K.L.:
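Structure in structure tokens, see below.
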Amino acid sequence: MTISRRVVLHFPRLLVDQPIVYHLVKDYNLEFNILKASVTPKEEGLLVLELSGEQSDYEQGMQYLTGIGVGIQLLSQNVIRNETRCTHCGACITICPTSAFTLELPSRRVNFQAEKCIACGLCIKPCPPRAMEVRF
Amino acid sequence: MGKTIAEINERIGKGQAVVVTAEEVIEIAADKGIKEAAREIDVVTTGTFGPMCSSGAYLNLGHSKPRIKFGGGSVYLNEVPAYTGFAAVDIFIGATALPDNDPQNKIHPGDFNYGGGHVIEELVAGKDVRLVAIAHGTDCYPRKKLETLLNIKDLNEAVLFNIRNAYQNYNVAVNLSDRTIYTYMGVLKPNLGNANYSTAGQLSPLFNDPWYKTIGIGTKIFLGGGVGYVAWQGTQHNPAVLRGDNGVPRRPAGALAVIGDLKQMKPQWLVGTSMFGYGCNITVGIGVPIPILSEEILRYTAVRDEDILAPIVDYAEAYPQRQPDILGEASYAQLKSGKIMVREKEVPTVSLSSYAKAAEIAQTLKEWIKRGEFLLTEPVAPLPGVEAGITFKSLEEHPI
Ligand code: SF4
Ligand code: SF4
């Protein structure tokens, strides 16, 4: 059975330079799509991937990651925007760690790119009309 | 050259009025010059859509059988307390009111999920609201308790009455401390992590009429998706602040008190709002038409974001301690670019008021006027200007 999962990978500092995604592809036949990659100020790596492949390959791939010390967070919840409540103010833009919100010019409407969202939930309460909602 | 409001209304009635938004007028004035633009244009429409705390609505609930006197008793709408210090069945619901059992900031930062602003939004949306009232009972108003569902269509009056809206300029809020702070200007990240501002800049009503030459008491406006009026100057109206050469205030200055029939407003333009760690509020849509009576008025409406400056204020220390210090000024063009420099650091900026929605309001008001549905009014009295000698007072404590 082929599956597709969105995962957030947290890399400790010493793994940041390792070709980990390459191993996922080569050794576990997984296809990937990088949704977000960044290095935090503490020099830990953050990678958000959409992975697809055979379920057994996926599970072994995850085991490999855990084994080398990568933290895995499965995106089982979704954060969506209630389009009728969003006022396009922009308060969320500087809150989101993955830059999922961008200002569209010249209209100055605020775009929400769901594929960049890692469902961290940080934007939910700072949004004045509470337009961002968690779905499980 | 000069036009009168009566002449402009005549042209509106015939469907001949030339109406443009405060954004569009900038280019027209640059292309054709002030003189020609003033000759051609009859009305410039402005707009703003942001959180405005000093807002609320008064309601006349009608008389129950047997009668109950809410006046002096307690009334809750969806658990949010309303003010009852009026006659038997008049109440006032304020945008920042919170349910008695709201945890507020006991665990900081509090959520403030539901308050008076949300009640107003639900009323306007035509939803039933739960009323719970307790009264002391009198010979003429015997009832002591009442619980019922209320709907806006069953009320005698439902009137939005906001005592301070459409502030003419406002602070840019930053945080110099090393912890995140939760303010009415939004969440401010430590060490100048972000800068939040809240006006529509070149589209904002009072930036387009900096000396209150056309906007006065009785001016008919777009309010919450319906029609309203300027009732008075807003509270804290403070015209005598530092101004630029163009007359535009460089500090928070004038404000409007506005009033209008809530029954014809729309929930899309009156949105219950929660400020994380601060409280509840309502986001209000306001649009004011400016009649182009002279070249001078047109010149004011052609103001651009780059010509409007706002003060940058630290909300960790200076604001709460009422210190007058500012960290500098930024133009709305800089603010809207997404970053400003504060203390040699590049700080990302965002707005709490929606420019996109402000533009939609100005556009909507423009359509109303062009279609002849909205005539302008002559103010019955001006708003106090600099000459009124208003001084801004702080609360100085006196021992009791
Ligand atoms: S903070 Fe909320 S309302 Fe404002 S743009 Fe973001 S999602 Fe929309
Ligand atoms: S939950 Fe909100 S803050 Fe977190 S990544 Fe998604 S959009 Fe950004």
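Since the model is a prediction, treat every value here as computed from it, not as a measurement.
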K.L.:
How many angstroms lie between NZ in Lys189(B) and CD1 in Ile95(A), if you round to the nearest 0.5 Å?
P.N.:
6.0 Å
K.L.:
Shortest non-hydrogen contact from Ala356(B) to Ser107(A)?
P.N.:
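Ala356(B) and Ser107(A) have their closest heavy atoms at CB-O, 3.4 Å.
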K.L.:
In terms of heavy-atom pairs under 4.5 Å with chain B, which of Arg109(A), Arg130(A), Arg85(A) leads?
P.N.:
Arg130(A)
K.L.:
Any ring pair (Phe, Tyr, Trp, His ring centres under 6.0 Å) involving residues 342-366 of chain B? Give me the pairs, sequence neighbours left out, ordered by first then second residue.
P.N.:
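Applying ring pair (Phe, Tyr, Trp, His ring centres under 6.0 Å) to every pair that reaches into residues 342-366 of chain B, excluding sequence neighbours, yields nothing.
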K.L.:
Measure from the side-chain N and O atoms of Lys336(B) to the backbone N and O of Arg108(A), and report whether any donor-acceptor pair falls under 3.5 Å.
P.N.:
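No; zero donor-acceptor contacts below 3.5 Å.
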K.L.:
Counting only heavy atoms closer than 4.5 Å, note whether Glu121(B) contacts chain A via side chain, backbone, both or neither.
P.N.:
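The answer is the side chain of Glu121(B).
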K.L.:
When heavy-atom pairs shorter than 4.5 Å are enumerated against chain A, which of Ala195(B), Ser353(B), Gly186(B) gives the highest number?
P.N.:
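Counting heavy-atom pairs under 4.5 Å, the top option is Ser353(B).
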K.L.:
Among pairs that include at least one residue of residues 347-363 of chain B, which meet salt bridge (charged side-chain N to carboxylate O under 4.0 Å, His left out), considering only residues two or more places apart or in two chains?
P.N.:
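Qualifying pairs: Lys357(B)-Glu360(B).
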K.L.:
Among Ile282(B), Val271(B), Thr273(B), whose side chain to side chain contact (heavy atoms under 4.5 Å, CB included) with Pro128(A) holds?
P.N.:
Thr273(B)
K.L.:
Does a sphere of radius 6.0 Å around NZ in Lys339(B) hold more than 12 heavy atoms from other residues, nucleotides or ligands, not counting ones at 6.0 Å or beyond?
P.N.:
no
K.L.:
With chain A, which of Val187(B), Thr283(B), Thr349(B) has the greatest number of heavy-atom pairs at distances under 4.5 Å?
P.N.:
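Top option by heavy-atom pairs under 4.5 Å: Val187(B).
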K.L.:
If you count heavy atoms of other groups shown closer than 6.0 angstrom to CG of Leu105(A), is the number above 12?
P.N.:
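Yes, because the 6.0 Å sphere around CG of Leu105(A) holds more than 12 heavy atoms from other groups.
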K.L.:
Count the heavy atoms of every other residue, nucleotide or ligand shown that sit under 6.0 Å from CD of Glu27(B), and state whether that count exceeds 12.
P.N.:
no
K.L.:
Less than 4.5 Å to any heavy atom of chain A: does that hold for the side chain of Pro348(B), its backbone, both, or neither?
P.N.:
both
K.L.:
With distance as the sole test, does Ser351(B) use its side chain to make a donor-acceptor pair with the main-chain N or O of Gly90(A) at under 3.5 Å?
P.N.:
no
K.L.:
Is Asn281(B) in contact with chain A via its backbone, its side chain, both, or neither, using a 4.5 Å heavy-atom distance?
P.N.:
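No part of Asn281(B) comes within 4.5 Å of chain A.
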K.L.:
Around atom CD of Glu115(A), are there more than 12 heavy atoms from other residues, nucleotides or ligands closer than 6.0 Å?
P.N.:
yes
K.L.:
So what's closer than 4.5 Å to chain A heavy atoms on Phe112(B): side chain, backbone, both or neither?
P.N.:
backbone
K.L.:
Should the heavy atoms of other residues, nucleotides or ligands under 6.0 Å from NZ of Lys116(A) be counted, would the total exceed 12?
P.N.:
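Count over threshold, so yes.
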K.L.:
By a 4.5 Å heavy-atom criterion (distance strictly below it), what part of Cys127(A) contacts chain B: side chain, backbone, both, or neither?
P.N.:
backbone
K.L.:
What part of Tyr184(B) lies closer than 4.5 angstrom to a heavy atom of chain A: side chain, backbone, both or neither?
P.N.:
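Neither; nothing under 4.5 Å.
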K.L.:
Answer with side chain, backbone, both or neither: which region of Thr87(A) has an atom nearer than 4.5 Å to a non-hydrogen atom of chain B?
P.N.:
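Contact with chain B involves both backbone and side-chain atoms of Thr87(A).
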